[in-house]
Amino acid sequence: MYNFAIIDNSEMNSKRIKDKIDEMYTTWSPLSSLIKQLDSSIFVMISQSLIINMNFIKTTDNEKIILKDETQVSIASRKKSSFKKSYQQF
């Protein structure tokens, strides 16, 4: 099982990978490259700057995701349909 919950591209060029024990790792790979390397049955891109590990989702609605550590993240409008489909199949 993957130990990280969020891949966050909100910083300029670095990507922060938050693991389940709140350690942060940094990479400069584009998210489009990272998502191709991850298991698509577990990871989903919910915005241009966020990839989520669905194993860490506590609850979700049409607007946001709440992770098990209570972190809340918004789902981009253009990603809602694909997220919903991925999460239902998960």
Side-chain angles (χ1 to χ4, degrees):
M1 181 173 140
Y2 296 95
N3 290 331
F4 49 91
I6 301 174
I7 300 175
D8 180 358
N9 189 33
S10 59
E11 303 280 323
M12 276 292 275
N13 291 317
S14 66
K15 284 61 171 174
R16 294 178 301 145
I17 301 173
K18 179 179 178 183
D19 74 11
K20 68 179 181 180
I21 54 174
D22 291 328
E23 291 185 28
M24 295 297 241
Y25 304 93
T26 303
T27 179
W28 280 266
S29 300
L31 286 187
S32 58
S33 174
L34 288 175
I35 193 73
K36 292 175 185 174
Q37 298 173 41
L38 298 170
D39 184 342
S40 63
S41 68
I42 298 172
F43 291 91
V44 62
M45 188 175 277
I46 63 162
S47 72
Q48 187 174 355
S49 62
L50 287 173
I51 296 172
I52 297 292
N53 179 335
M54 292 188 283
N55 286 311
F56 289 87
I57 294 175
K58 178 180 179 180
T59 187
T60 184
D61 61 28
N62 280 342
E63 303 298 320
K64 68 181 179 294
I65 295 169
I66 301 174
L67 299 176
K68 292 177 182 177
D69 70 355
E70 302 303 325
T71 301
Q72 294 188 25
V73 290
S74 297
I75 306 167
S77 298
R78 66 187 177 284
K79 299 288 187 180
K80 288 178 183 176
S81 177
S82 62
F83 168 73
K84 184 178 178 180
K85 182 179 177 181
S86 295
Y87 193 59
Q88 286 173 341
Q89 292 174 348
F90 177 72

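As the structure is a computational prediction, the values presented were derived from the model and not from experiment.
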Looking at every non-hydrogen atom in both residues, tell me the closest pair between [X] and [Y] and how far apart they are.
X   : Y   : result
V73 : I52 : CG2-CD1, 4.0 Å
M54 : F43 : CE-N, 4.5 Å
S74 : I46 : O-CD1, 3.5 Å
K68 : N55 : NZ-O, 2.9 Å

Response to the item:
Sorted by chain and residue number, the side chain to side chain donor-acceptor pair (under 3.5 Å) partners of E70 (sequence neighbours excluded) come out as K58

Discussion item. K64: which residues meet the side chain to side chain donor-acceptor pair (under 3.5 Å) condition with it, sequence neighbours left out?
Written reply: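 Scan of K64 (side chain to side chain donor-acceptor pair (under 3.5 Å), adjacent residues dropped) gives D61.
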
Practice prompt. Tell me, with the steps shown, if I65 and I75 meet side-chain contact (heavy atoms from CB on, under 4.5 Å).
Written response: CA-CA 7 Å; I65 295 169; I75 306 167; 3.8 Å; yes

Separation of [Y] [atom2] from [X] [atom1] (nearest 0.5 Å):
X   : Y   : atom1 : atom2 : value
I51 : I42 : CD1   : CD1   : 13.0 Å
M45 : S40 : CE    : OG    : 12.5 Å
T71 : I57 : OG1   : CD1   : 12.0 Å

Worksheet entry | Pair listing, side chain to side chain donor-acceptor pair (under 3.5 Å) test, anchored in residues 75-84, at least two apart |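 Those involving residues 75-84 are E63-K80.
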
Worksheet entry | Side-chain touch D69/F56, heavy atoms, less than 4.5 angstrom | no

Worksheet item: Can you hop from F83 to I66 via hydrophobic side chains spaced under 4.5 Å?
Response: no

